[in-house]
Protein chains: 2
Amino acid sequence: MKKNLTIASPSADSVVDAAGKDTSPSQTVRAQLQLRELVLSGELPAGVRIAELSIVERLGMSRTPIRAALVQLEQEGLLVALAHGGYAVASFSEREIADAIELRGCLEGLLARLAAERGAAPVVMNEARAALREIDELLRRPMLTDETFPIYVDANERFHARLAEMADSDVIARQLERVNRLPFASPSAFVIAQSSSADSRDMLVVAQSQHWQVLDAIDRRESGRAEAIMREHSRIAQRNLRAAVNDHHGHAALEHPPGVQLIRRR
Amino acid sequence: MKKNLTIASPSADSVVDAAGKDTSPSQTVRAQLQLRELVLSGELPAGVRIAELSIVERLGMSRTPIRAALVQLEQEGLLVALAHGGYAVASFSEREIADAIELRGCLEGLLARLAAERGAAPVVMNEARAALREIDELLRRPMLTDETFPIYVDANERFHARLAEMADSDVIARQLERVNRLPFASPSAFVIAQSSSADSRDMLVVAQSQHWQVLDAIDRRESGRAEAIMREHSRIAQRNLRAAVNDHHGHAALEHPPGVQLIRRR
DNA sequence: TAGGACATTGATGTATACAAAATAAGGCTG
DNA sequence: CAGCCTTATTTTGTATACATCAATGTCCTA
């Protein structure tokens, strides 16, 4: 019987963190990341049972870490537990996605309000401003290209992450993270879908205005205003959702954001 | 080597559901419930590592279902993952609990608003009204006793559960459930702590008024009002939290709601 | 005596063997 | 020929053995 099966699978999994040292994630973490990728990329069809063994041979590890990953993804809402054991990929109606976005707006609004009431740490505020200045820079050009778009997405996510820090509330920030892990609910989910759209830049300009305004509101301790802005901010995503779904249903071969096939068409 | 260790532990675990048939939950489910109980009852000290083997011998099952339960409770926020593997019982500052309550208010407010905007199913509305009439009945008496209090708690939780159904949004309801699982965040968590207080009945009268008002608002499709009421409603819990913490710090032998020892004293 | 290196112990992470249950298939009977 | 019961196979649930990593304690040396 062969031992030492712990040797890493040939696929390049070793991760190098910011400090440069090689932090090789545990099998469980790898399983979680790769399985999530498998779900979002649509390789696993929604609704049908996921055979553990098929994942085992696909990811090249034992059942134990894979089961752990299944449990976690079920908790995240990406999988649904089946009646007599096992899991299936979840699918979402257009309204469920809209609800998830509304939920994010609600939570970000709460965080913005608390930040305004409690006062945000200057360091975090500056990091947020730095992210916004990057976006300002990008928006100076008449249109965003395939190279500049990833930069926008990155800066946008950094801004939203800092905003979540400002209220200094781990409990709420944690919940927001959960919501953001739902497909389509995260801040820049539908930005991608709209990248090719003609007036996509205008949408980003509006969003960016709200970004600056909410920082201003937090600075001035105008908590009600801060909350209202973030709520309204999420409604841009609502608009993009509708546009993306229509595009998706129309011409099939459009550039998809990860996870479109999880949308349950009526 | 002895096989068939699957035989259930002597502790009475078999559950009979509403239909009357004996649904014996899986080891994993049992592990989750019992471990949660162990955490909330304070048998496991907060902050120190939970040795898996100690749980194994306590619950009389193998490591596998226990590890699954640990993963789930970590996701719930009751446990924290330690740096180099393993878990510890989480502890909460008074502010974290306050944040959790605020979060619940926010989510219940969102659900109430959506219910008002979309219209709630008449059946659910009637069930909610039925729960409120039970509370009305209880409040007719000058004071609540040890027998009537559990009835109040039950009716109160039923009302809140129905309210969560009214918006017909699984995504949001699910998130609210998660929050309610946090210690002290659930609707009737601090009602218990205040049961002996002299003006506890008055507090319940106020809460009950808000209960009826939110149903009225949903009925009239006044979504903004519905949301505002539920937000304010959660602030009764905030008040009770402060009172309970003071009581707890004062005389130690007071009647505790489950999980007081998870409050991190400064 | 103090500090460091090594060894030992005990923990978790991982793999796999085993058992039970559910599903699918096949045969039998009405 | 259809429906049901029985059987076989596949799949998940559970237990346990093994490996690896961290922490602690001891011994040796400067």
Side-chain angles (χ1 to χ4, degrees), chain A residues 1-11 13-15 21-35 44-45 47-74 79-89, chain B residues 1-9 11 13-15 21-35 44-45 47-75 79-89:
Chain A
M1 222 139 284
K2 60 194 173 196
K3 297 293 162 53
N4 259 18
L5 286 177
T6 319
I7 41 161
S9 61
S11 57
D13 282 330
S14 72
V15 174
K21 66 176 178 182
D22 188 355
T23 60
S24 80
S26 68
Q27 295 286 66
T28 305
V29 173
R30 269 206 290 261
Q32 200 190 316
L33 294 175
Q34 295 188 20
L35 190 54
L44 301 173
V48 307
R49 172 188 239 106
I50 300 174
E52 284 181 7
L53 290 179
S54 72
I55 306 296
V56 164
E57 63 181 31
R58 255 207 234 218
L59 301 190
M61 56 185 78
S62 87
R63 282 180 59 205
T64 308
I66 283 168
R67 299 203 87 220
L70 287 169
V71 170
Q72 292 211 234
L73 292 190
E74 194 271 339
L79 304 179
V80 290
L82 264 40
H84 290 294
Y87 300 91
V89 173
Chain B
M1 223 140 285
K2 60 192 174 201
K3 296 294 161 55
N4 260 19
L5 285 177
T6 320
I7 42 160
S9 60
S11 56
D13 281 328
S14 72
V15 174
K21 65 176 179 182
D22 188 355
T23 60
S24 80
S26 68
Q27 295 285 65
T28 305
V29 173
R30 269 206 291 263
Q32 200 191 317
L33 294 175
Q34 294 188 19
L35 191 54
L44 300 173
V48 307
R49 171 190 237 104
I50 300 175
E52 283 181 8
L53 291 179
S54 72
I55 306 297
V56 164
E57 63 181 31
R58 255 207 234 218
L59 302 190
M61 56 186 76
S62 85
R63 283 179 59 203
T64 308
I66 283 168
R67 299 204 87 221
L70 287 169
V71 170
Q72 292 211 232
L73 292 191
E74 194 271 340
Q75 292 282 317
L79 303 180
V80 290
L82 264 39
H84 291 294
Y87 300 91
V89 173

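Since the structure is predicted, the reported quantities are computational estimates derived from the model, not experimental observations. Letters A, B, ... mirror the listed sequences (proteins, then strands); counts begin at 1.
Residues forming a side chain to side chain contact (heavy atoms under 4.5 Å, CB included) with A:Val29 (at least two apart in sequence, or on another chain): A:Pro25, A:Ser26, A:Leu33. Partners of A:Ala81 by side chain to side chain contact (heavy atoms under 4.5 Å, CB included), not counting sequence neighbours, listed by chain and number: A:Glu74, A:Tyr87. Evaluation of the side chain to side chain contact (heavy atoms under 4.5 Å, CB included) rule for B:Ser62 yields B:Thr64, B:Pro65 as partners, not counting sequence neighbours. B:Arg49 pairs by the salt bridge (Lys or Arg N to Asp or Glu O under 4.0 Å) definition with nothing, not counting sequence neighbours. Legend: residues meeting side chain to side chain donor-acceptor pair (under 3.5 Å) with B:Gln75, ordered by chain and number and at least two apart, are A:Arg178.
Side-chain nitrogen and oxygen atoms of B:Thr64 include none within less than 4.0 Å of the OP1 or OP2 phosphate oxygen of D:dT16.
D:dT11 atom C1' lies 14 Å from atom CD1 of A:Ile66, rounded to whole Å. Rounded to an integer number of Å, the gap from CD of B:Gln27 to P of C:dA20 is 12 Å. Straight-line distance from the CG atom of A:Leu70 to the P atom of D:dT11: 14 Å, rounded to whole Å. Rounded to whole angstrom, the span from the CE atom of A:Met61 across to the P atom of C:dT16 amounts to 13 Å. Here the C1' atom of nucleotide C:dT14 and the CZ atom of A:Arg30 are 11 Å apart, to the nearest Å. Here the C1' atom of nucleotide D:dA15 and the CD atom of B:Glu57 are 17 Å apart, to the nearest Å.
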Taking only N/O atoms, report every protein-nucleotides 10-12 of chain C pair under 3.5 Å with atom names and distance.
residue : atom : partner : partner atom : Å
C:dT12  : OP1  : B:Ile50 : O            : 3.1
C:dT12  : OP1  : B:Glu52 : N            : 3.2
C:dT12  : OP2  : B:Glu52 : N            : 3.4

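Smallest separation of non-hydrogen atoms from B:Leu35 and B:Leu70: CD2-CD2, 3.7 Å.
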